*Asks:* 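One structure, as structure tokens, below. Some questions next.
As the structure is a computational prediction, the values presented were derived from the model and not from experiment. Within every chain, numbering begins at 1; the chains are lettered A, B, ... in the order of the sequence lines, protein sequences first and strands thereafter.
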Amino acid sequence: MSSENDKINELNSDNENSSKTETKDFIRTIIDQHNKSGRFNGVVHTRFPPEPNGYLHIGHAKAICISFGIAEEYGGVTNLRFDDTNPTKEETKYANAIMQDIKWLGFDWGDRLFHASDYFDQLYDWAVLLINKGVAFVDDLSAEEMREYRGTLTEAGKESPYRNRTIEENLNLFEKMKKGEFPDGAKTLRAKIDMASGNMNMRDPVMYRIMRATHHRTGDKWYIYPTYDWAHGQSDSIEKITHSLCDLSFEDHRPLYDWFLDQLEVHHPQQAEFARLNINYTITSKRKLRQLVEQDIVDGWDDPRMPTLSGLRRRGFTPKSVRTFVEKLGIAKKRDSVADIALLEHGLRDELNATSSRRMAVLKPLKVVITNYPENQIEEFEAVNNPEDESAGVRKVYFSREIYIEAGDFVEVAPNRKYFRLALGKEVRLKHTYYITCDEAVKDDSGNIVELRCTYDPESKGGSTPDGRKVRGTLHWVSTHDAVDAEVRLYSHLFTKESPDADNDFLEHVNPQSLEILSGCKLEPSLLNLKAGENCQFLRHGYFCIDSKNSSEDKPVFNRSVTLKDSWTVKKK
RNA sequence: UGGGGCGUCGUCAAGCGGUAAGACACUAGCCUUUGACGCUAGCAUUCGUAGGUUCGAAUCCUGCCGCCCCAGCCA
């Protein structure tokens with residue numbers, strides 16, 4: 001009886017706990033288990049290991065947030081280590097850009113900046129150790145021969161004819177490889193594992209290749225370079241990493257890393273693999289992004305349409321919005337998952353709604369003359385900077401007889417009673433100021449509307465009238481006398497197809513309208529004071545920032561980071 | 001006839017034998033000096049599928065089916 005009660009109590013308390021406890025992903029669950037068992041004495045030490053051969057993109061942001069974020073959460077730290085084992089592809093300029101991007105995201109590796117190349121000597125010594133153990137050998141097979149000997153996915157491979165050289169011979173040959181006595185590609189050092197393994201990575205993988213290339217850090221010291229597979233696990237081990245978090249493509253390599261570490265009898269991190277981040281309407285393949293840049297389809301790696309961190313930054317995305325996005329997506333092992341770009345955009349809007357000042361900007365101007373408003377009169381109005389944040393204060397806006405409104409806010413005949421923007425005979429409110437009614441649309445010879453003639457109601461000053469009549473439509477405006485001219489760039493998805501990555505001809509799906517450049521936009525003058533890197537809401541349009549590359553004092557250029565949600569155009573359809 | 005993974009709402013994703021969280025998206029309505037924001041409501045009788053075990057299964061067992069990754073001296 002009593003044991004039954006205990007069980008029920010246990011169940012109840014479990015339920016209470018589970019309803020309060022946050023759900024954990026499989027990586028945090030593994031760490032919890034380690035902490036419970038004491039495997040790493042409660043230490044969580046991760047690393048982020050990029051290859052300095054390109055720019056970081058949103059997919060890397062996920063890996064960064066996971067490795068840095070989880071370590072931080074468990075009171076641990078994260079190393080930044082450049083995996084620079086292939087001198088033909090790596091450059092210092094990429095390393096610098098990568099560091100800048102990680103810092104921008106808000107993560108810090110302290111004084112723990114490392115390079116796989118820091119360990120080249122140790123790696124060499126360990127290779128000698130494996131030769132001495134009889135589990136590594138120098139092979140003379142060419143690349144093509146090796147491929148033939150490797151077998152296929154369903155057939156076992158054949159052992160290399162050089163596999164049974166004596167330890168002395170291997171030692172001698174390996175040293176000569178190091179001294180540069182053989183031409184590039186003539187020999188390799190291979191691990192002696194199992195040519196019949198179902199796991200291709202275990203079929204005597206290459207540990208060293210001969211490569212006469214100047215390394216961006218070690219210069220011309222080496223003629224041989226370790227492969228990633230040989231360097232990676234040991235680098236983690238040397239740095240006493242506890243949890244090596246990486247993407248699913250290294251799942252198959254884990255047995256190999258474990259094998260090396262076991263042979264060497266050194267510190268053994270736990271590797272865990274998660275699914276990479278894919279996002280719809282974009283691509284996250286370094287190779288394909290490079291193509292966009294090299295074929296001038298975009299304006300460089302930091303083009304605001306690019307999913308690179310530098311592109312997102314220039315577009316006006318905040319580090320927080322990127323981190324929130326990654327957190328909300330969660331971590332799992334579903335390889336083909338594709339995140340909705342709308343979630344990233346939602347996070348940005350959510351953040352900026354709370355923090356950005358509002359300003360009025362007319363993107364496609366239409367001149368309005370308020371015929372009953374005194375000429376040469378300028379009236380000052382106070383405008384709230386951010387209705388979501390009183391501390392943001394107020395600013396002054398100046399109203400006059402001639403203003404600009406958005407051309408799209410006027411049609412001659414209202415399409416239905418749900419339409420409450422401006423039309424002939426209709427009344428709308430001008431934000432912060434007066435009601436106006438449209439009397440006449442002036443057209444040019446070809447019938448284009450070039451000017452509106454309206455009358456205002458002096459009683460409506462401030463945006464409401466004594467009679468309390470309802471005016472549903474509120475338009476933003478800018479006075480002609482103090483409007484500032486600017487260029488505004490509107491962006492939309494770089495691709496028209498949800499999963500352009502699936503296609504090899506992904507370039508065919510590039511959205512020809514992903515960039516719309518508007519010139520002659522009319523802005524509220526206070527916008528000239530917007531600081532670089534600061535976001536601002538253009539009322540009824542979206543969030544904008546100054547373009548860091550093309551903007552100048554005399555010719556301001558703004559980027560649209562994200563639109564405001566718009567239920568009207570949805571309804572219209 | 002190889003090895004490794006994955007299949008829960010349109011999307012991402014919880015769930016770990018006790019009767020399907022949450023977020024985004026979407027829909028309807030309210031509010032509104034941004035058709036924004038906010039608020040309210042709706043949105044998986046069902047967890048790839050077929051059996052089995054069990055009082056009870058998304059969760060355990062078995063068999064199918066589907067999708068993805070691996071044959072660089074790239075990382």
*Asks:* Which value, in whole Å, describes the distance between the C1' atoms of nucleotides B:G4 and B:G42?
*Replies:* 42 Å
*Asks:* Tell me which nucleotide among B:C69, B:C74, B:C67 gets nearest to the side chain of A:Asp336.
*Replies:* B:C67
*Asks:* Under 4.0 Å, heavy atoms only, any strand: does A:Thr474 hit a base, just the sugar-phosphate, or nothing?
*Replies:* sugar-phosphate
*Asks:* What's A:Arg203 touching, base or sugar-phosphate or nothing? Going by heavy atoms closer than 4.0 Å.
*Replies:*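 Here A:Arg203 touches no strand at all.
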*Asks:* Roughly how far apart, to the nearest Å, are B:G15 and B:G29 at atom P?
*Replies:*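 Approximately 37 Å lies between the P atom of B:G15 and that of B:G29.
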*Asks:* Which nucleotide sits closest to the side chain of A:Met146: B:A23, B:C73, B:A13?
*Replies:*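 It is B:C73.
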*Asks:* Map A:Ser464 and A:Ala332 onto RNA chain B by nearest heavy atom, then report which one ends up closer to the 5' terminus.
*Replies:* A:Ala332
*Asks:* Can we say A:Arg395 and A:Glu382 salt-bridge, meaning some charged N sits less than 4.0 Å from an Asp/Glu carboxylate O?
*Replies:*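 Looking at A:Glu382 together with A:Arg395, the answer is no, because their closest N to O distance does not fall below 4.0 Å.
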*Asks:* Base, sugar-phosphate, or nothing for A:Phe420, non-hydrogen atoms under 4.0 angstrom?
*Replies:* base
*Asks:* Starting from P on B:C12, measure out to CZ on A:Phe26 and report it in whole angstrom.
*Replies:* 16 Å
*Asks:* Under 4.0 Å, heavy atoms only, any strand: does A:Leu329 hit a base, just the sugar-phosphate, or nothing?
*Replies:*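 Touches sugar-phosphate only.
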*Asks:* Taking atom P in both B:U59 and B:U49, compute the distance separating them and give it to the nearest angstrom.
*Replies:* 11 Å
*Asks:* Please give, in whole Å, the distance from B:A23 P to A:His346 NE2?
*Replies:* 10 Å
*Asks:* Looking across every strand, which nucleic acid part, if any, lies under 4.0 Å from A:Arg358 by heavy atom: base, sugar-phosphate, or nothing?
*Replies:* base
*Asks:* Does A:Ile224 reach the side chain of A:Met211, with side-chain heavy atoms less than 4.5 Å apart?
*Replies:* no
*Asks:* Base, sugar-phosphate alone, or nothing: which one does A:Gln537 contact when heavy atoms must sit under 4.0 Å apart?
*Replies:*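 Base, at least one base atom sits under 4.0 Å.
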*Asks:* Pick base, sugar-phosphate or nothing for A:Arg150, based on heavy-atom distances below 4.0 Å to the nucleic acid.
*Replies:* sugar-phosphate
*Asks:* Using the P atoms only, state how far B:C37 lies from B:G48, rounded to an integer number of Å.
*Replies:*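 Going atom to atom, P in each nucleotide, I get 35 Å.
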*Asks:* Taking the minimum atom-to-atom distance to the side chain of A:Ser337, which one of B:A75, B:A13, B:C73 wins?
*Replies:* B:A13
*Asks:* Please check if the side chain of A:Ser321 supplies one atom and the backbone of A:Phe317 the other of a donor-acceptor pair under 3.5 Å.
*Replies:* no
*Asks:* For the side chain of A:Asp252 and the base of B:G3, is some donor closer than 3.5 Å to an acceptor across the two?
*Replies:*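 In this structure, the two groups form a donor-acceptor pair.
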*Asks:* In terms of side-chain heavy atoms of A:Met211, which of B:C74, B:U8, B:A71 is nearest?
*Replies:*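 Taking heavy atoms from C-beta onward, the closest nucleotide is B:C74.
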*Asks:* Heavy atoms from C-beta onward define the side chain here; which of B:C12, B:C26, B:G72 lies closest to that of A:Lys565?
*Replies:*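 Closest nucleotide among those given: B:C26.
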*Asks:* Can you tell me how far P of B:A13 sits from CD of A:Glu327, to the nearest Å?
*Replies:* 15 Å
*Asks:* Less than 4.0 angstrom from a charged side-chain N to a carboxylate O is my criterion; do A:Arg217 and A:Asp118 meet it?
*Replies:*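 Salt bridge present between A:Arg217 and A:Asp118.
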*Asks:* With no angle test and no hydrogens, is the base of B:G4 tied to the side chain of A:Arg254 by a donor-acceptor pair under 3.5 Å?
*Replies:*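 No pair found.
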*Asks:* Which nucleotide in the set B:A75, B:G2, B:A71 lies at the smallest distance from any side-chain heavy atom of A:Phe250?
*Replies:* B:A75
*Asks:* Is a donor on one side and an acceptor on the other found under 3.5 Å between the side chain of A:Lys62 and the backbone of A:Ala275?
*Replies:*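 It does hold such a pair.
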*Asks:* Under 4.0 Å between any heavy atoms, over every strand shown, what does A:Gly330 touch: base, sugar-phosphate, or nothing? Just pick one.
*Replies:*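 Nothing, no nucleic acid heavy atom in range.
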*Asks:* Does this structure show an ion pair linking A:Glu159 with A:Lys192, if we count only N-O contacts that are shorter than 4.0 Å?
*Replies:* no
*Asks:* So, does the side chain of A:Glu155 form a donor-acceptor pair with the base of B:U1 at under 3.5 Å?
*Replies:* no
*Asks:* Which whole-number value in Å describes the distance from A:Lys333 NZ to B:C68 P?
*Replies:* 19 Å
*Asks:* Rounding to an integer number of angstrom, what distance separates B:G5 and B:A20 when you compare their C1' atoms?
*Replies:* 25 Å
*Asks:* Given B:A75, B:U34, B:G2, which nucleotide is nearest the side-chain atoms of A:Arg540?
*Replies:* B:U34
*Asks:* Over all strands shown, is A:Ile331 touching base, sugar-phosphate only, or nothing at heavy-atom distances under 4.0 angstrom?
*Replies:* sugar-phosphate
*Asks:* Check this for me, if you would: do A:Arg81 and A:Glu239 make a salt bridge, where the nitrogen-to-carboxylate-oxygen distance has to be below 4.0 angstrom?
*Replies:* yes
*Asks:* Of A:Ile210 and A:Ser460, whose closest RNA chain B nucleotide lies nearer the 5' terminus?
*Replies:*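 With A:Ser460 and A:Ile210 compared, the 5'-side residue is A:Ser460.
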*Asks:* Can you tell me which nucleotide in B:G35, B:G2, B:C24 comes closest to the side chain of A:Thr154?
*Replies:*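 Nearest to the side chain of A:Thr154 among the choices is B:G2.
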*Asks:* Round to a whole Å and report the spacing from CZ of A:Phe538 to C1' of B:G35.
*Replies:* 20 Å
*Asks:* Could you work out which one of B:G4, B:U34, B:C74 sits closest to the side chain of A:Glu51?
*Replies:* B:C74
*Asks:* If you look at every strand shown and take non-hydrogen atoms under 4.0 Å, does A:Lys89 touch a base, only sugar-phosphate, or nothing?
*Replies:* sugar-phosphate
*Asks:* Measure CH2/A:Trp230 against C1'/B:G72 and give the value in whole Å, please.
*Replies:*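 From A:Trp230 CH2 to B:G72 C1': 19 Å.
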*Asks:* Please measure how far the C1' atom in B:C64 lies from the corresponding atom in B:U27, and state the result in whole Å.
*Replies:* 39 Å
*Asks:* Picking from B:A36, B:C73, B:C74, which would you name as closest to the side chain of A:Ala143?
*Replies:* B:C73
*Asks:* Quick one, A:Leu348 and A:Lys320 - any side-chain contact, counting heavy atoms below 4.5 Å?
*Replies:* no
*Asks:* How many Å lie between CD1 on A:Ile66 and P on B:C12, as a whole number?
*Replies:*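 The distance from CD1 of A:Ile66 to P of B:C12 comes to 16 Å, rounded to the nearest Å.
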*Asks:* So what does A:Val338 hit on the nucleic acid, given a heavy-atom distance under 4.0 Å: a base, only sugar-phosphate, or nothing?
*Replies:*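 Sugar-phosphate, backbone atoms only, no base.
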*Asks:* Check the distance between B:C12's C1' and A:Leu344's CG and give it to me in whole angstrom.
*Replies:*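 Rounding to the nearest Å, CG of A:Leu344 and C1' of B:C12 are 13 Å apart.
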*Asks:* With heavy atoms under 4.0 Å as the rule, sort A:His253 into base, sugar-phosphate or nothing.
*Replies:* base
*Asks:* Say you pick atom C1' in B:U46 and the same atom in B:U1; how far apart are they, in whole Å?
*Replies:* 38 Å
*Asks:* What interatomic distance, in whole Å, is found between C1' of B:C70 and the corresponding atom of B:U19?
*Replies:*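 It comes out at 41 Å once rounded to the nearest Å.
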*Asks:* Looking at A:Arg469 and A:Asp457, is any side-chain nitrogen of the basic one under 4.0 Å from a carboxylate oxygen of the acidic one?
*Replies:* yes
